[in-house]
S.K.: 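If you scroll down you'll find the structure; I have some questions about it.
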Amino acid sequence: MAPRRALAAVALACALVLAPVATASAQQQPSAGLAVTTPSEALAAVDGVLDGMAKGAADLQRQAGSRAGGASTGSEGSAGASGSSYTAALTRDEAIAIAEADPDLQAWLADHPSRRTAAEFQAKDKRWKVSFVGGPKDAEVVEAEVYVGDEEGNIAEVRTGPQVAWMMARGYEGAFGRAVNRWRIWIPLCVVFLLVLLPITRPRSLISWRTLDLLVLLSFTASWAWFNAGDISTSVPLQYPPLIYLLARMAWITVKRARMRRPQAPGPDAPARATRAPRTPGLPGWMPTWLLITVLILLMALRWGLNGLNSNVIDVGYAGVIGADLIVDGQTPYGNFPDDCGQCDTYGPLNYISYIPFEAVMPFTGKWDDLPAAHGAATLFDGLTILALLVLGWRLAGRRMGLTFAIAWAAFPFTAFTLSSNSNDALISACIAWGLVLAARPLGRGVMIGLGVAAKIVPAILVPLWARHPFPRADRANGPRRLAVYIGGLVIAALLTGWVMFLDGTDGIRSFWSRTIGYQAERESPFSIWGQYEWLRPVHLAVGALVILAALIVMRWPRRLDVVQWAAISAALMIGFELVLTHWFYLYIPWFLPLVILVVVPAWPDPEPEPAIPPGRWLSRLRRPGVRRGTAAPGAPQAAAGDGGMS
């Protein structure tokens with residue numbers, strides 16, 4: 001009776017409020033012929049209304065109880081989300097027949113036959129899910145799923161192969177980056193990228209390896225387009241030609257410059273070569289400084305505007321915010337993530353530390369909502385990379401070079417794709433770009449590459465190479481000291497980030513390896529040829545061994561490095577590492593982009609050949625008393641020093 005008393009109280013209150021109004025209205029219009037309702041009549045009418053409302057409420061309650069107790073869960077009908085029942089219009093056999101008629105499904109099943117078919121009616125969405133199951137009974141695999149609309153009898157969606165288990169393989173519009181995927185934004189970015197970097201005012205200069213390098217960077221677009229169409233069987237093979245070309249190109253530039261620096265026999269002009277001042281790289285671009293500044297400002301406004309107004313946060317950004325929230329609460333991220341992001345603790349500690357300032361200002365709500373902290377962090381990573389490239393180019397050859405470097409990043413569509421996905425991948429780019437800025441300082445190199453490794457493990461492939469000093473005139477005698485300083489930088493980076501693993505005592509240490517390197521080593525993914533074709537396993541292992549071997553060889557060769565070779569080898573190693581990844585994605589292109597920009601964008605002068613030492617000179621040095629090999633005699637001119645790092 002409690003609900004009835006509540007309804008009676010509400011109705012009585014309404015009657016008491018409205019009765020005077022009705023009475024006053026009747027008194028003001030006596031000629032209308034309307035009878036005046038007395039209080040007793042009003043109460044009687046209210047009581048009748050209450051009886052009707054109570055009866056209706058009881059009927060609704062009985063209906064809800066009967067549905068809850070005996071709701072149909074079969075294939076012919078079910079209760080909808082709104083509480084109303086819905087009976088399927090199609091039968092199971094009709095839904096299967098509609099699904100089997102789809103040409104995409106037929107093409108897939110021709111190569112991947114199914115053993116049985118299952119159909120399930122989803123009342124909430126008013127559609128049928130028809131599954132085609134293959135494989136042996138003890139290891140069944142869902143080869144395809146077809147969703148059939150029950151009311152229209154049409155095919156709503158077809159998922160084949162990897163699309164069944166991997167949502168990112170289904171080609172959903174805007175799943176990564178939202179608006180930046182639109183051709184009216186992507187194509188103009190490509191055009192600006194080429195207009196700024198190519199010498200369009202000198203058409204004859206357009207036919208060059210440099211032009212091809214820039215076009216190959218943009219050629220990832222072909223693979224990306226097929227990915228957005230949900231065809232990863234085509235998109236995955238298309239991602240390898242540009243990767244292989246760029247790796248080969250970086251290796252060739254390294255070998256070519258090493259050959260040019262081979263010692264030559266001393267001639268009449270040898271003293272002039274030895275004292276010639278180093279030449280700065282040229283800039284093939286044609287835009288004046290004011291126009292470069294304008295273009296950069298417009299690009300940054302476009303990128304950051306899209307990030308704020310029309311972008312999304314993928315699981316990577318979600319992981320960063322959760323990890324920062326855990327650290328603020330005094331917990332290590334490793335092993336403490338919620339179930340909806342259970343494998344999101346696979347990144348290094350720097351990744352989660354970087355989100356802390358933004359999570360403190362815009363706290364995590366516990367839900368995967370707009371996540372403003374992820375937007376802020378991604379914008380910071382992007383801005384730090386642009387600033388580093390601006391400083392790098394400015395130090396090399398002035399402000400026009402710096403602006404061109406920054407535009408090369410800002411106009412490249414895949415960096416905008418990364419930013420609009422609010423990923424953490426630009427953090428790797430920022431660490432590498434600032435490492436290039438600090439290339440002449442062993443401590444700075446060590447700290448930056450150490451921070452890169454603390455964000456994601458991939459930059460670890462560069463640790464041996466970056467121990468070398470990338471300048472040919474470095475004093476070899478200071479090599480051991482510089483190496484010690486470089487190692488000190490690595491230690492500093494480890495101390496700045498490693499404390500996160502100790503927040504839960506030793507539990508974080510135990511979880512770190514299995515949740516990061518262990519998980520990535522055993523990860524399965526259809527986004528590489530290694531994941532799509534298991535018979536390539538021996539080739540996969542061989543390529544991985546070659547990359548590791550190359551990382552060790554460059555510790556000694558080339559004997560002397562300049563900054564171009566140093567950056568080119570670094571880019572080749574990063575690309576080689578990406579080639580062996582089982583899970584590869586377009587967000588990884590920015591990892592090596594700052595290195596490729598340094599090598600490709602400027603017009604670098606040929607290196608000066610080193611003067612050869614006469615054959616008898618070393619023997620005469622060794623025979624002199626008190627003079628060791630590699631130490632110049634008093635008064636003798638000092639020979640050209642090596643790189644001094646690991647040589």
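Remember, predicted model here, so these are calculated numbers, not experimental data. Numbering of residues begins at 1 and proceeds along the displayed sequence.
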S.K.: Just by distance, do the side chain of H540 and the backbone of V580 share a donor-acceptor pair under 3.5 Å?
M.R.: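 Yes; at least one donor-acceptor contact below 3.5 Å.
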S.K.: With a 3.5 Å cut-off and no angle check, do the side chains of Y586 and S223 form a donor-acceptor pair?
M.R.: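 There is such a pair between these side chains.
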S.K.: Main chain of G308, side chain of H375: is a donor-acceptor contact present, judged purely on distance under 3.5 Å?
M.R.: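 Not a single qualifying donor-acceptor pair exists.
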S.K.: Are any non-hydrogen side-chain atoms of W584 and I589 less than 4.5 angstrom apart?
M.R.: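 W584 reaches I589 side chain to side chain.
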S.K.: For the residue pair E359 and Y352, confirm or rule out a side-chain donor-acceptor distance under 3.5 Å.
M.R.: no
S.K.: How about L218 and F414: do any of their side-chain heavy atoms sit closer than 4.5 Å?
M.R.: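 Sidechains of F414 and L218: no contact.
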S.K.: Below 6.0 angstrom between ring centroids: does that apply to F176 and F585?
M.R.: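 Ring centroids of F176 and F585 are less than 6.0 Å from each other.
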S.K.: Can you check whether P363 reaches D325 side chain to side chain, under 4.5 Å on heavy atoms?
M.R.: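 In short, these two side chains do not touch, never coming nearer than 4.5 Å.
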S.K.: If you look at every heavy atom in S420 and S311, which pair is closest and at what distance?
M.R.: O-CB, 3.1 Å
S.K.: Taking atom OG of S423 and atom CG of D382, what is their separation to the nearest 0.5 Å?
M.R.: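 Here the rounded value is 11.5 Å.
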S.K.: Check whether any side-chain heavy atom of R537 sits under 4.5 Å from a side-chain heavy atom of L541, and report yes or no.
M.R.: yes
S.K.: Return yes if a side-chain donor-acceptor contact under 3.5 Å exists between D340 and Y318, otherwise no.
M.R.: yes
S.K.: Would you say the side-chain atoms of T221 and W186 include a donor-acceptor pair closer than 3.5 Å?
M.R.: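 A donor-acceptor contact under 3.5 Å links the two side chains.
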S.K.: Indicate whether any N or O donor in one side chain lies under 3.5 Å from an N or O acceptor in the other, for Q163 and R170.
M.R.: no
S.K.: Does anything in residues 442-464 pair up under side chain to side chain donor-acceptor pair (under 3.5 Å), and if so which pairs, sequence neighbours excluded?
M.R.: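 Non-adjacent pairs meeting side chain to side chain donor-acceptor pair (under 3.5 Å): N424-K456, D425-K456, R445-H469.
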S.K.: Checking T582 side chain against E524 main chain: does a donor-acceptor pair fall under 3.5 Å?
M.R.: no
S.K.: Could you verify whether a donor N or O on one side chain and an acceptor N or O on the other, from N336 and D345, lie under 3.5 Å apart?
M.R.: no
S.K.: Can you confirm whether or not the ring centre of F577 sits under 6.0 Å from the ring centre of W591?
M.R.: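 Distance test on ring centres: not under 6.0 Å, no.
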S.K.: Please walk me through it: do V164 and T160 pass side-chain contact (heavy atoms from CB on, under 4.5 Å)?
M.R.: CA-CA 6 Å; V164 174; T160 58; over 6 Å; no
S.K.: List the atom of P372, the atom of M362, and the distance in Å for their closest heavy-atom pair.
M.R.: CB-SD, 3.4 Å
S.K.: Could you tell me whether a side-chain N or O of E145 sits under 3.5 Å from a main-chain N or O of K129, the two making a donor and an acceptor?
M.R.: no
S.K.: Between W368 and D315, do the side chains contain a donor N or O and an acceptor N or O under 3.5 Å apart?
M.R.: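 Short answer, no.
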